[in-house]
Amino acid sequence: MSQKKAQIQVEQKVPESIVKKTQRDSKLRDLVVKKRAERLGQNKVRRAQLEKSAQAYEAEYKATEKSLVDNIRKAKSEGGFYVPAEAKLILVIRIRGINTLNPQVRQTLRLLKLRQLHNAAFVRINKATIEMIRKVEPYITYGYPSRTVIKNLIYKRGYAKVNGQRIPLTSNTIIDQQLGKYGIHGIEDLIHEITTVGAHFKEANRFLWAFKLRGPRGGFIAKRRSFINQGDWGNREDLINDLAKRMI
């Protein structure tokens with residue numbers, strides 16, 4: 001009897017459902033491996049392109065700085081002076097809270113993305129933004145940010161606005177998905193677009209959430225006095241970079 005049972009067990013076939021499941025699982029594994037290999041290959045190509053773009057941007061920045069120095073030296077040698085082009089970008093930082101705010105000022109601060117104390121945002125200079133800044137000037141300080149400060153803000157304090165949510169910039173994929181159609185595929189592309197106030201500055205700046213900074217090391221001097229009167233609010237021009245570095 002035992003020999004007959006053994007022969008019956010040997011002659012039993014594997015169920016068709018198990019065979020199909022095994023084949024399906026094998027195909028799925030092969031598909032996953034293939035897609036993973038394709039994704040790794042695409043990521044390698046994308047990284048190479050981003051590195052190439054970063055090098056091109058660095059060369060562009062150095063050429064611009066060299067041109068500025070050359071023009072200043074040439075003007076000085078000819079007995080004149082060189083006036084650089086007017087700034088296109090300002091960094092605005094909110095330095096006062098919500099006390100004694102009228103609705104018009106509050107709405108203007110919201111339009112500038114300055115909803116909270118120590119919020120900072122980039123603003124393109126034009127007639128409309130200058131009028132807005134003048135309206136809320138006692139509550140903010142602003143100036144012309146350097147490329148180093150722009151880079152540090154985005155790298156260290158940068159968050160993206162995706163579907164109304166505040167998402168940390170942990171990967172170039174986030175930038176590529178939201179701004180790839182504008183030719184902005186990585187963080188260096190984003191920094192370049194903000195720094196140069198490019199054709200798609202509006203989309204790039206809207207993509208960035210307002211920077212949440214800490215109180216400056218050493219504190220403020222006098223928030224109720226203007227900067228030109230040894231206070232804090234108002235236009236600092238290039239000196240905004242010193243304040244931003246203390247608040248990042």
Side-chain angles (χ1 to χ4, degrees), residues 61 64-65 67-69 71-73 75-76 79-159 191 194-197 201 205 208-248:
Y61 299 143
T64 303
E65 293 174 359
S67 176
L68 177 62
V69 173
N71 289 330
I72 292 174
R73 288 177 178 174
K76 186 176 181 181
F81 57 90
Y82 176 74
V83 179
E86 293 184 0
K88 299 179 182 179
L89 179 72
I90 57 176
L91 174 67
V92 185
I93 302 175
R94 181 170 175 175
I95 61 173
R96 292 179 63 181
I98 61 173
N99 290 341
T100 66
L101 275 183
N102 64 55
Q104 199 173 26
V105 171
R106 184 181 291 111
Q107 180 62 24
T108 305
L109 288 171
R110 287 180 178 176
L111 292 174
L112 293 171
K113 301 199 299 186
L114 305 177
R115 293 175 174 267
Q116 298 175 336
L117 180 66
H118 299 157
N119 275 178
F122 298 118
V123 177
R124 177 166 46 189
I125 299 177
N126 54 40
K127 184 178 179 181
T129 55
I130 289 174
E131 292 296 328
M132 292 169 66
I133 287 171
R134 286 176 179 170
K135 190 177 295 183
V136 298
E137 198 167 13
Y139 302 90
I140 61 173
T141 185
Y142 59 95
Y144 313 128
S146 65
R147 181 170 60 89
T148 302
V149 167
I150 295 172
K151 187 174 183 177
N152 288 339
L153 279 170
I154 294 177
Y155 266 108
K156 297 181 180 180
R157 297 282 179 170
Y159 282 79
I191 293 171
I194 296 294
T195 303
T196 59
V197 190
F201 171 84
N205 194 35
L208 287 171
W209 197 281
F211 301 103
K212 293 187 177 183
L213 307 182
R214 63 188 178 190
R217 291 189 299 272
F220 289 106
I221 300 173
K223 293 184 179 181
R224 295 187 180 275
R225 292 204 304 266
S226 66
F227 183 73
I228 59 175
N229 291 320
Q230 298 181 348
D232 289 307
W233 64 263
N235 189 0
R236 295 174 180 252
E237 297 185 353
D238 294 334
L239 294 178
I240 192 67
N241 297 302
D242 298 330
L243 178 64
K245 289 176 183 177
R246 291 191 288 124
M247 298 182 73
I248 294 177

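Keep in mind it's a predicted model, so treat the numbers as computed, not measured.
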Subject >> L213 side chain reached by N119 side chain, heavy atoms, under 4.5 Å >> reply: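 Result no, sub-4.5 Å side-chain heavy-atom pair not found.
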Subject >> Side-chain heavy atoms of L109 within contact of R115, under 4.5 Å >> reply: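 L109 does not reach R115 side chain to side chain.
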Any side-chain to backbone donor/acceptor pair from [X] onto [Y]? Under 3.5 Å, distance only.
| X | Y | answer |
| --- | --- | --- |
| D232 | A222 | yes |
| R157 | N152 | no |
| N71 | S67 | yes |
| T129 | V123 | no |

How far apart are the closest heavy atoms of [X] and [Y], and which atoms are they?
| X | Y | value |
| --- | --- | --- |
| F220 | M247 | CZ-CE, 4.4 Å |
| R236 | T141 | NE-OG1, 2.6 Å |
| K113 | A121 | CE-CB, 4.1 Å |
| T108 | K135 | OG1-CD, 3.5 Å |
| A120 | I93 | CB-CG1, 3.9 Å |
| Q230 | I221 | O-CG2, 3.5 Å |

Starting at [atom1] of [X], measure out to [atom2] of [Y] and round the result to the nearest 0.5 Å.
| X | Y | atom1 | atom2 | result |
| --- | --- | --- | --- | --- |
| L117 | K212 | CG | NZ | 12.0 Å |
| N126 | R124 | CG | CZ | 6.5 Å |
| L243 | Y142 | CG | OH | 14.0 Å |
| I140 | N235 | CD1 | CG | 9.5 Å |
| I248 | L153 | CD1 | CG | 4.0 Å |
| R73 | Y82 | CZ | OH | 14.0 Å |

**OP:** Check step by step if side chain to side chain contact (heavy atoms under 4.5 Å, CB included) holds for Y159 and L208.
**Re:** CA-CA 6 Å; Y159 282 79; L208 287 171; over 6 Å; no
**OP:** In sequence, state the C-alpha distance, the side-chain angles, and the governing distance for I125 and I130, and then conclude on side chain to side chain contact (heavy atoms under 4.5 Å, CB included).
**Re:** CA-CA 7 Å; I125 299 177; I130 289 174; 3.9 Å; yes
**OP:** Only one of L89, N241, I90 passes side chain to side chain contact (heavy atoms under 4.5 Å, CB included) with Y144; say which it is.
**Re:**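 Answer to the side chain to side chain contact (heavy atoms under 4.5 Å, CB included) test with Y144 among L89, N241, I90: I90.
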**OP:** Answer yes if the side chains of T195 and R147 hold a donor-acceptor pair under 3.5 Å, and no otherwise.
**Re:**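 Result is no, nothing qualifies.
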Original post:
Passes side chain to side chain contact (heavy atoms under 4.5 Å, CB included), W233 versus K223? Steps please.
Top reply: CA-CA 6 Å; W233 64 263; K223 293 184 179 181; over 6 Å; no
Original post:
Taking everything shown except R224 itself, do over 12 heavy atoms lie less than 6.0 Å from its CZ?
Top reply: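 Check fails, neighbour count at 12 or below.
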Original post:
What do you reckon, are the aromatic ring centroids of F211 and F122 less than 6.0 Å apart?
Top reply: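 Yes, the ring of F211 comes within the 6.0 Å limit of the ring of F122, centre to centre.
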Original post:
Does E131 come within less than 4.0 Å of R134, counting only side-chain N to carboxylate O?
Top reply: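 Salt bridge: yes.
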Subject >> Audit row: I95, Y139, side chain to side chain contact (heavy atoms under 4.5 Å, CB included) steps and yes/no >> reply: CA-CA 6 Å; I95 61 173; Y139 302 90; 5.9 Å; no
